[in-house]
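Below: the structure, in structure tokens.
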Amino acid sequence: MSGRNRSGDHISKDKFSVKDTREDDIAKDRNKKAPGKAAKKEAAHGGKSALSMYRAWTAVWMLLCAILLARIWGLNQRIETLKERMDRLARIAVEQQGRLEELADALAAGRRDAQGREEASGQEDPPGEPGQADAAQVSGQGIAGAQRGGQDRPDMDSGGQQSGFQEPEAAHKVYLTFDDGPSDYTEEILDILERYGVKATFFVVGREGSQAQDALRRIVEEGHTLGMHSYTHDYSQVYESVESFAADLEREQAYLCEVTGVKSAIYRFPGGSSNTVSEIDMEEFAAYLDSQGIRFFDWNISSGDGGSFLVPVEMLLENCTATIKDHSTCVVLMHDAAAKTTTREALPEIIETIQAMEDTALLPITEETALVQHIQWDRGEAKDSGR
């Protein structure tokens, strides 16, 4: 009995051992038959990781784009702010220039009053000087500029001056003046002036060619005043010496006379008589002009279009019209140049605004026009020096 049990026990153990071995083999066979399951799990895990990384990079790029857009918006805001500041600075500069011009006018008026009192007390001009009995001239310096007046071209004197022309009475006389022409757009300016029936003054340089010459002739034929602004407009050459200035002036005057038949007798200094470029006292050049019977005109109202900055139309309109009521004689400075596009755009509004003002007239510069000059000089001493 006990032997069976031992024998049975032995057999039972062998059976269990065989069974376990078979189960292990079966498990191994299953693993061999299905080798892709683990790989699939690993692939699935790797795919999830790649997707997560893609989403993370996408989020980073979106964040960077948002930051970039915010920076761009901020820069645009700063640019707009800088533009506004530039506009304000330009406006302030024009206002300051206007105030300086008003101060110069006040000083000039004081000197003229003093001179008038001296003359009234019995002092006379030296014999043979022009303007000694011309009460219509504010300062008595020189003679008037050449001017063809009127659309129907009335009789002219030897200098092209309209005979017997008289300026109308008005509390505020406004003279629109254009420097630096003729340009490619002079014809356009003349068309605007013709449309509104306005006469102006053109201080021109020695620009040659058929287009420029046609514009010069039209200026004269349509009744505008033709003034000189130097032939070269080269500061270093014009203001090198009185002799250099004289040569440039003679060349300019002869050229304009040859093209238009008018010997101009009004002048505007390049940069104005108050320019800081000339190393020679501007009074010497002013005295030379007077010795030649030529008057010079500066301005007391500036459009502000003289620099490289393109002035907005609204600012040009404000600059040209805001202070007209402060002056009885208003000489308005503008420029006839291809780059001054907004000046041409603003011109119709400027004219309409001035024409709507009470007791105000738009006129060309003539022999009756009161002088507007930034500097004062002693005409008697200039004559005594032989200039």
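Count residues from 1 along the sequence.
- Between Ile189 and Arg344, some side-chain heavy-atom pair lies under the 4.5 Å cut-off.
- Among all heavy-atom pairs drawn from Cys330 and Ile301, the shortest one is CB-CD1, 3.8 Å.
- In this structure, CD on Glu279 lies 10.5 Å from CD on Glu240, to the nearest 0.5 angstrom.
- Salt bridge Arg218/Glu222: present, at least one basic N to carboxylate O contact under 4.0 Å.
- Using a 4.5 Å cut-off on side-chain heavy atoms (C-beta onward), Met357 and Lys325 make contact.
- Heavy atoms of other residues, nucleotides or ligands lying less than 6.0 angstrom from CZ of Phe245 number more than 12.
- Minimum interatomic distance between Gln373 and Phe296 (heavy atoms only, all atoms of both residues): NE2-O, 3.0 Å.
- What you find for Glu167 and Lys173 is that their closest heavy atoms are OE1-NZ, 3.4 Å.
- Under the 4.5 Å side-chain criterion, counting only non-hydrogen atoms from C-beta, Ser230 is not in contact with Glu252.
- Between Glu352 and Tyr196, the side chains place a donor N or O and an acceptor N or O closer than 3.5 Å (distance only, hydrogens not considered).
- To the nearest 0.5 Å, atoms CG (Leu362) and CD1 (Ile324) are separated by 7.5 Å.
- Judged by distance alone, with hydrogens and angles left aside, the side-chain atoms of His172 form a donor-acceptor pair with the main-chain N or O of His327 at under 3.5 Å.
- Taking all atoms of both residues into account, the shortest heavy-atom contact from Val311 to Gly304 is CG2-O, 3.2 Å.
- In this structure, Asp214 pairs ionically with Arg217, as a charged nitrogen and a carboxylate oxygen lie closer than 4.0 Å.
- Taking hydrophobic clusters as Ile, Leu, Val, Met, Phe, Trp and Tyr residues chained together by side-chain heavy-atom distances below 4.5 Å, Val277 shares a cluster with Leu249.
- By the criterion of side-chain heavy atoms lying less than 4.5 angstrom apart, applied directly or through intervening Ile, Leu, Val, Met, Phe, Trp or Tyr residues, Ile375 is grouped together with Ile280 in one hydrophobic cluster.
- Among all heavy-atom pairs drawn from Gly209 and Tyr255, the shortest one is N-OH, 4.4 Å.
- For the atom pair CD1 (Ile365) and CD (Glu367), the distance works out to 13.0 Å, reported to the nearest 0.5 Å.
- Contact of the Tyr175 side chain with the Val372 side chain is not registered, since no non-hydrogen atoms from C-beta on lie closer than 4.5 Å.
- How far OG1 of Thr343 is from CG of Asp336: 9.5 Å, rounded to the nearest 0.5 Å.
- In this structure, the side chain of Ser274 does not engage the main chain of His374 through any donor-acceptor pair within 3.5 Å.
- Under a 3.5 Å cut-off, the side chain of Asn300 and the backbone N or O of Val331 do form a donor-acceptor pair.
- No more than 12 heavy atoms of other residues, nucleotides or ligands lie within 6.0 Å of CZ in Arg71, so this atom counts as exposed by the packing criterion.
- Under the 4.5 Å side-chain criterion, counting only non-hydrogen atoms from C-beta, His233 is in contact with Tyr235.
- The cluster map of Ile, Leu, Val, Met, Phe, Trp and Tyr, joined by side-chain heavy atoms under 4.5 Å apart, puts Leu317 and Phe178 in the same cluster.
- Between the side chain of Asp248 and the main chain of Tyr231, a donor-acceptor pair closer than 3.5 Å is present.
- To the nearest 0.5 angstrom, Asn319 atom CG is 11.5 Å from Met334 atom CE.
- Here the side chains of Thr177 and Phe297 are not in contact, with every heavy-atom distance at 4.5 Å or above.
- Remark: the backbone N or O of Ala200 is paired with a side-chain donor or acceptor of His224 at under 3.5 angstrom.
- The closest side-chain donor-acceptor pair between Glu284 and Tyr239, if any, does not fall under 3.5 angstrom.
- Remark: side-chain polar atoms of Ser52 are not paired, donor with acceptor, to backbone N or O of Ala50 under 3.5 angstrom.
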Query - Derivation and outcome, ring pair (Phe, Tyr, Trp, His ring centres under 6.0 Å), residues Tyr267 and Phe285 - result: CA-CA 11 Å; Tyr267 191 88; Phe285 300 118; 9.6 Å; no
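- In this structure, Leu333 is a member of the same hydrophobic cluster as Leu371, with clusters built from ILVMFWY side-chain heavy atoms closer than 4.5 Å.
- Summarising the local packing, CD of Glu250 is surrounded by 12 or fewer heavy atoms from other residues, nucleotides or ligands at distances under 6.0 Å.
- From Asp305, atom CG reaches atom CE of Met315 across 12.0 Å, with rounding to the nearest 0.5 Å.
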Report task. Given side-chain contact (heavy atoms from CB on, under 4.5 Å), test Ile354 with Val332 step by step and report yes or no. Result -> CA-CA 12 Å; Ile354 296 173; Val332 183; 5.5 Å; no
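- Contact annotation: the side chain of Gln253 approaches that of Ile294 to within less than 4.5 Å [non-hydrogen atoms, C-beta and beyond].
- For the pair Ser264 (side chain) and Leu226 (backbone), a donor-acceptor distance under 3.5 Å is present.
- The side-chain contact (heavy atoms from CB on, under 4.5 Å) test with Ile351 is passed by exactly one of Thr321, Val174, Val198: Val198.
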Report task. Decide yes or no on side-chain contact (heavy atoms from CB on, under 4.5 Å) for Phe203 and Thr201, but give the supporting numbers first. Result -> CA-CA 7 Å; Phe203 289 99; Thr201 302; 3.8 Å; yes
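- With hydrogens and angles ignored, the 3.5 Å screen pairs no side-chain donor or acceptor of Ser303 with any backbone N or O of Leu316.
- Ile266 is not listed as a side-chain neighbour of Thr369, based on a closest heavy-atom distance of 4.5 Å or more.
- Evaluation of the side-chain contact (heavy atoms from CB on, under 4.5 Å) rule for Leu64 yields Val60, Trp61 as partners, not counting sequence neighbours.
- Side-chain atoms of Asp298 come within 3.5 Å of backbone atoms of Ser273 as a donor-acceptor pair (strictly under, hydrogens ignored).
- Cluster membership for Val259 and Leu190, using ILVMFWY side-chain heavy atoms within less than 4.5 angstrom, is shared.
- The two residues Ile350 and Cys320 make their nearest non-hydrogen contact at CD1-SG, 3.8 Å.
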